[in-house]
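A short write-up of the structure that comes next.
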Amino acid sequence: MISMDKYIATYSTYSDLIGYKYDQDKLKELIHQLPLGGIFNVLSQMNFIEGNDKSLKRDFFAYLNQLNPDLRFIEEKVSNHILYSSQGLLAVWKWLFAYGDMGTINNEVLIGRGFNTIVYLNLIISDYLYNENDDADQLKYDMFANALFNNPTDLINSLARSALMFDEIARNDTNFSQKEYRDIHSAFAEYYGYTIREYLAVVFALFAGFLKPQSQIEPEWSRSLSFFSTTKIPEIAKQILDELSMSLPDASEWAVTTLDEPWNYTKFRQKPILVLESGIFFPINIKFLHDQVFSELYFKIRHAYPAGDTQIFSFYGRCFEKYIEMMVKEASTVSPLNYIFIPEFSFGKNKSPDVMLRLGNKLLAVEAKAQRVMMNSLFGLKEAIDKDIKRMVIDPLCQIHDCLMELKEIDHRILEGIDEIYLMSVTLGEFPTLLPFERNIHETLKLYFKIPIKAYYHVDIEEFEMIAELISRRRPIFRHLDNKTQLMPDLPFNNYLLRSHLKPRRLDFINNKFDMHVDQIIKTIFDEPVD
């Protein structure tokens, strides 16, 4: 069970509630007796359902009472807690793959019974997600990995961002130096046999095929492998579906070998769809399917180039910088305030920050880094997380500081009249804001900074898109930055917006791009747009 603070959850397990761990051998027997087909159908849908749904809680407590009337005390103990977590559900998948009876894959289960069984398994298996011998310091690294895993993403933003970066920006060779430019569209099509647009169209259609109302588990949830048979590109769609899918034997083999790695869900990220021999498929986790729209597309493009071709990273970084510049320019243009938009420029042997925004005596300097956390950070490894903090937060902020200090030393006109400087690093991948790490970041930067810095921030791309929308409003962005620093310095930016009742919105620019590209996607799959 999860006990919720405003934004941080603490996890209770079977042993926390009962006083001892559920025996592993008995757990394996319990799993082997389950009707896998019905359990998989329910488990695939549970990420759509909030773990604090009151009616589902009542049903679960009634289920516990049927198992053992002596468990009634649990209801009182955890009534204000959430029933399960996303990580716990993925762990349930791994244990089912490892120890389930594959002969029951066609066996059904009553929806309510299946749901309660999965919640019960989640409670038990959660005891095996953490090492009891870990030192206290490891807890904050586990929190880091958990925050990474549970970071929400917006499908509309992801699709519009992919289309802008990989289509509009990437196709325009004037955005790059001759050395930087790469024709990723030709390389991608040659390597995979389909285009980036076709890939996005198929992934988006898959995601749309599994949209459903929350708090409602459907008995007929799976889709047939003939899902794309009536489209314009059935063979291409089937190829992409195959690349995103894994079979039950493959899933079982991988689960057995990684069962003692509780944060290792790499297979689920790469292959978020389970295909059964009966010719049906469904998502293991809908978020991982969503990630294929942007996050995983990065790796697909990278794999289209030889391993030794590091220039693709420079090209990708330039696409990202141009995207950040585009967001700030668009937001400041539609704003009623007199912002001064300052794109990157050269001075001496150096370059300015990627984009700057000025209003009166205040300056926001932004550096974009097309970086993601290392795989080992996803697993909660200390050394990897510490390295990621340096390269994704500390180094970029120090880079902006050094650049501005140099501009200040030469009395560059761009800083004339500037009294307050704000720094912001933006990364392509998510990077959590957590108090134990923020303290270390603060101490490091305080020692490093030589010129006065009013405030600094590190945000991911989705948070920056929210900030860009704030720039477009009537209230100066610097007011929001000051409030964030003074009132909620250790909260992620998206949580600050929610707590401040600022109602995060998308730029109209993003919404318009989304509508345009969805229309193109529909035309890619069907002959005419669908109303």
task = May I have the step-by-step check of side chain to side chain contact (heavy atoms under 4.5 Å, CB included) for I273 and L241, ending in yes or no?
result = CA-CA 8 Å; I273 292 173; L241 179 59; 3.7 Å; yes
task = Kindly assign one of parallel, tilted or perpendicular to the pair Y128 and W95, based on the angle between their ring planes and the thresholds 30° and 60°.
result = tilted
message = Check the orientation of Y199 and F188. Use parallel for under 30°, tilted for 30 to 60°, and perpendicular for over 60°.
response = perpendicular
Donor-acceptor pair, distance only, cut-off 3.5 Å: does the side chain of [X] make one with the backbone of [Y]?
X: D519; Y: D515; result: no
X: K484; Y: P492; result: no
X: H185; Y: F166; result: yes
X: T104; Y: L36; result: yes
X: S44; Y: P283; result: yes
X: S162; Y: V293; result: yes
X: S224; Y: S226; result: yes
X: K271; Y: A251; result: no
X: Q45; Y: E218; result: yes
X: D354; Y: A368; result: yes

In terms of side-chain heavy atoms, does [X] have a donor or acceptor partner in [Y] at a distance below 3.5 Å?
X: K94; Y: T258; result: yes
X: D250; Y: S247; result: yes
X: S377; Y: D388; result: yes
X: E463; Y: Y496; result: no

Closest non-hydrogen atom pair, [X] against [Y]:
X: I441; Y: I389; value: CG1-CG2, 3.8 Å
X: I196; Y: I301; value: CD1-CD1, 4.2 Å
X: Q371; Y: R391; value: OE1-O, 3.0 Å
X: P35; Y: V109; value: CG-CB, 3.9 Å
X: V202; Y: I525; value: N-CD1, 4.3 Å
X: A331; Y: A468; value: CB-O, 3.0 Å

Quick check, are the ring centers of [X] and [Y] under 6.0 angstrom apart?
X: F431; Y: F144; result: yes
X: H303; Y: Y191; result: no
X: F437; Y: Y141; result: yes
X: W93; Y: F40; result: yes

If you measure from [atom1] on [X] to [atom2] on [Y], what distance do you get to the nearest 0.5 Å?
X: E198; Y: Q239; atom1: CD; atom2: CD; answer: 9.5 Å
X: I125; Y: Q24; atom1: CD1; atom2: CD; answer: 10.0 Å
X: I184; Y: I312; atom1: CD1; atom2: CD1; answer: 6.5 Å
X: R182; Y: C319; atom1: CZ; atom2: SG; answer: 12.0 Å
X: T117; Y: L43; atom1: OG1; atom2: CG; answer: 11.5 Å

Are [X] and [Y] close enough that some pair of their side-chain heavy atoms sits under 4.5 Å apart?
X: Q292; Y: L244; result: yes
X: F97; Y: E253; result: no
X: I461; Y: Y323; result: yes
X: D101; Y: I31; result: no
X: I39; Y: V92; result: no
X: L378; Y: V373; result: yes
X: L434; Y: D490; result: no
X: L248; Y: M102; result: yes

query = Yes or no on side chain to side chain contact (heavy atoms under 4.5 Å, CB included) for D167 and L200, after CA distance, side-chain angles and deciding distance?
reply = CA-CA 11 Å; D167 197 352; L200 286 174; over 6 Å; no
inquiry  = Once salt bridge (Lys or Arg N to Asp or Glu O under 4.0 Å) is applied, do any residues pair with E462, and if so which ones, sequence neighbours excluded?
reply    = R161
Is [X] salt-bridged to [Y], going by a charged N under 4.0 Å from an acidic O?
X: E243; Y: K300; answer: yes
X: D386; Y: K382; answer: no
X: K238; Y: E235; answer: no
X: R506; Y: D154; answer: yes

inquiry  = Enumerate the ring pair (Phe, Tyr, Trp, His ring centres under 6.0 Å) contacts for residues 217-244, please, sequence neighbours excluded, ordered by first and then second residue.
reply    = F48-W221, F210-W221
CA sep, side-chain torsions, deciding dist, call: Y265, Q87, side chain to side chain contact (heavy atoms under 4.5 Å, CB included) = CA-CA 9 Å; Y265 302 115; Q87 187 210 0; 3.5 Å; yes
request  = For salt bridge (charged side-chain N to carboxylate O under 4.0 Å, His left out), just list the numbers for E168 and K513, CA-CA rounded to whole Å, side-chain angles, deciding distance to a tenth of an Å, and then say yes or no.
outcome  = CA-CA 11 Å; E168 296 188 24; K513 290 294 182 183; 2.9 Å; yes
inquiry  = Let's go through K387 and E383 carefully: what are the C-alpha distance in whole Å and the side-chain angles of both, what is the deciding distance for salt bridge (charged side-chain N to carboxylate O under 4.0 Å, His left out) to 0.1 Å, and is it a yes or a no?
reply    = CA-CA 6 Å; K387 286 181 181 178; E383 295 81 3; over 6 Å; no
key: Neighbour count >12 (heavy atoms, 6.0 Å) for atom NZ, K390   = no
request  = Flag yes if more than 12 heavy atoms outside L110 fall under 6.0 Å of its CG atom; otherwise flag no.
outcome  = no
message = Set out, in order, the CA-CA distance, both residues' side-chain angles and the distance that settles ring pair (Phe, Tyr, Trp, His ring centres under 6.0 Å) for Y316 and F313, then state yes or no.
response = CA-CA 5 Å; Y316 204 92; F313 295 117; 8.4 Å; no
task = For side chain to side chain contact (heavy atoms under 4.5 Å, CB included), just list the numbers for D291 and R269, CA-CA rounded to whole Å, side-chain angles, deciding distance to a tenth of an Å, and then say yes or no.
result = CA-CA 8 Å; D291 286 346; R269 290 179 182 276; 4.2 Å; yes
task = Could you check L121, D127, L27 and say which one makes a side chain to side chain contact (heavy atoms under 4.5 Å, CB included) with Y22?
result = L27
Charged tip of R113 within 45° of Y63 ring normal and under 6.0 Å = no
